A.B. asks: 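If you scroll down you'll find the structure; I have some questions about it.
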Amino acid sequence: MALSYIGLGGNLGDVCATFSHALAVMDGWAGSTLEKVSRTYRNPPMGPANQPDYLNAVAALRTTLSPLELLDALQGLEQAAGRIRAGRRWCARSLDLDLLLYDELRIDQPRLQIPHPGVHRRAFVIHPLAEIAPEALVPGHGRAAAIAAHTDASMLTALL
Ligand code: ATP
Ligand code: CA
Ligand code: CA
């Protein structure tokens with residue numbers, strides 16, 4: 001069994017409901033158990049500014065799926081949540097699921113990079129990750145809590 005961390009994001013529709021549904025589906029995947037979920041954070045959009053604020057969260061999923069099987073499953077779930085791939089990056093979307101970490105594995109393929117290259121740079125990823133897994137190792141960058149300590153969280157608001 002591997003321990004993976006999934007980043008959830010979205011800024012279209014009822015994002016909290018979409019997250020709850022997605023988390024329940026993940027927990028139901030064969031050989032997979034949802035272990036932890038961070039609080040949900042509100043965050044201004046990255047990239048094009050003419051779109052609503054994002055909500056972001058991080059979940060820990062224990063799974064027997066391989067990294068590519070997990071990516072396929074996450075992309076299937078994005079589609080099921082009505083995500084439309086507009087061709088451009090960082091456009092408004094109902095649900096974005098990024099595979100952040102998979103044990104301490106490093107993968108560098110066009111379709112799958114682990115750790116996800118945003119993990120150590122993006123406040124809206126590293127802060128929720130450090131909340132649920134301060135000791136998680138981001139290969140090449142150190143422990144989540146240490147990275148979070150020098151990543152500015154002033155734009156993030158945790159929802160109650
Ligand atoms: P970013 O990856 O910078 O957060 P994004 O989430 O908006 O941007 P997407 O359009 O969702 O980007 O995904 C673009 C491609 O990234 C996907 O087709 C996928 O194959 C690839 N990809 C590479 N590594 C990962 C990963 N760790 N998790 C999810 N997708 C990944
Ligand atoms: Ca993303
Ligand atoms: Ca993505």
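This structure is a prediction, so every number in the text was calculated from the model and none was measured. Values reported hereafter were calculated over all heavy atoms of this structure, with side chains retained and with hydrogens, waters and symmetry mates removed.
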A.B. asks: Sequence neighbours excluded, which residues qualify as salt bridge (charged side-chain N to carboxylate O under 4.0 Å, His left out) partners of Glu35?
C.D. replies: Arg62
A.B. asks: How long is the gap from CG on Asp14 to CZ on Phe19, to the nearest 0.5 Å?
C.D. replies: 10.5 Å
A.B. asks: If you compare all heavy atoms of Ala60 against all heavy atoms of Ile132, which two are closest, and at what distance to 0.1 Å?
C.D. replies: N-CD1, 3.9 Å
A.B. asks: Checking Asp96 now: which residues fulfil salt bridge (charged side-chain N to carboxylate O under 4.0 Å, His left out) with it, not counting sequence neighbours?
C.D. replies: Arg83, Arg93
A.B. asks: Once side chain to side chain contact (heavy atoms under 4.5 Å, CB included) is applied, do any residues pair with Ala92, and if so which ones, sequence neighbours excluded?
C.D. replies: Asn11, Leu12, Gln51
A.B. asks: Do you know the tightest heavy-atom contact between Pro45 and Ala49?
C.D. replies: CG-O, 4.0 Å
A.B. asks: When rounded to the nearest 0.5 angstrom, what is the spacing between CG in Asn43 and CZ in Arg122?
C.D. replies: 10.5 Å
A.B. asks: Among all residues two or more places apart in sequence or in another chain, which pass the ring-ring contact (aromatic ring centres under 6.0 Å, His included) test with His116?
C.D. replies: none
A.B. asks: May I ask you to test the Val125-Asn56 pair for a side-chain heavy-atom distance under 4.5 Å?
C.D. replies: no
A.B. asks: Test: side-chain hydrogen bond (donor to acceptor under 3.5 Å, both in side chains). Region: residues 17-26. Which pairs qualify, not counting sequence neighbours?
C.D. replies: none
A.B. asks: Which residues satisfy the salt bridge (charged side-chain N to carboxylate O under 4.0 Å, His left out) test with Arg106, sequence neighbours excluded?
C.D. replies: none
A.B. asks: Which residue pairs satisfy the ring pair (Phe, Tyr, Trp, His ring centres under 6.0 Å) criterion with at least one member in residues 31-82, sequence neighbours excluded?
C.D. replies: none
A.B. asks: To the closest 0.5 Å, what do you measure between CG (Leu74) and CG (Leu97)?
C.D. replies: 5.5 Å
A.B. asks: List the atom pairs, donor and acceptor, that lie under 3.5 Å between side-chain atoms in residues 23-34 and the rest of the protein, sequence neighbours left out.
C.D. replies:
from	atom 1	to	atom 2	distance (Å)
Asp27	OD1	Leu34	N	2.7
Ser32	OG	Ala30	O	3.4
Ser32	OG	Thr63	OG1	2.8

A.B. asks: Sequence neighbours left out, cut at 3.5 Å: what donor-acceptor pairs do the side chains of residues 152-160 make with other protein atoms?
C.D. replies:
from	atom 1	to	atom 2	distance (Å)
Asp152	OD1	Ser154	N	2.9
Asp152	OD1	Ser154	OG	2.9
Asp152	OD2	Ser154	OG	3.1

A.B. asks: Excluding sequence neighbours, so at least two apart, what forms salt bridge (charged side-chain N to carboxylate O under 4.0 Å, His left out) with Asp53?
C.D. replies: none
A.B. asks: State, with a plain yes or no, whether a side-chain heavy atom of Pro67 is found less than 4.5 Å away from one of Leu112.
C.D. replies: yes
A.B. asks: Can you measure from CG (Leu95) to CD (Gln75) and round to the nearest 0.5 angstrom?
C.D. replies: 11.5 Å
A.B. asks: Report yes if the side chains of Leu55 and Cys16 come closer than 4.5 Å at any heavy-atom pair, otherwise no.
C.D. replies: yes
A.B. asks: Distance check, rounded to the nearest 0.5 Å: Leu71 atom CG versus Leu99 atom CG?
C.D. replies: 6.5 Å
A.B. asks: Show me the donor-acceptor pairs, under 3.5 Å and distance only, between side chains in residues 1-10 and residues at least two apart or in other chains.
C.D. replies:
from	atom 1	to	atom 2	distance (Å)
Ser4	OG	Leu61	O	2.9

A.B. asks: Which residues pass the side chain to side chain contact (heavy atoms under 4.5 Å, CB included) test with Gln113, not counting sequence neighbours?
C.D. replies: Asp108, Pro117
A.B. asks: Give me the atom names and distance for the closest heavy-atom approach of Ala148 to Ala130.
C.D. replies: CB-CB, 3.8 Å
A.B. asks: Do the side chains of Leu129 and Leu105 join up, straight or via other hydrophobic residues, at under 4.5 Å, putting them in one cluster?
C.D. replies: no
A.B. asks: Are Leu101 and Leu137 co-members of a hydrophobic cluster defined by side-chain heavy atoms under 4.5 Å apart?
C.D. replies: no
A.B. asks: Any side-chain heavy atom of Ile126 sitting closer than 4.5 Å to one from His120?
C.D. replies: no
A.B. asks: Check Ala123 against Pro128 and note the closest heavy-atom contact, atom names and distance.
C.D. replies: O-CD, 3.7 Å
A.B. asks: Tell me whether Val58 is reachable from Val138 by hopping between hydrophobic residues (I, L, V, M, F, W, Y) whose side-chain heavy atoms are closer than 4.5 Å.
C.D. replies: yes
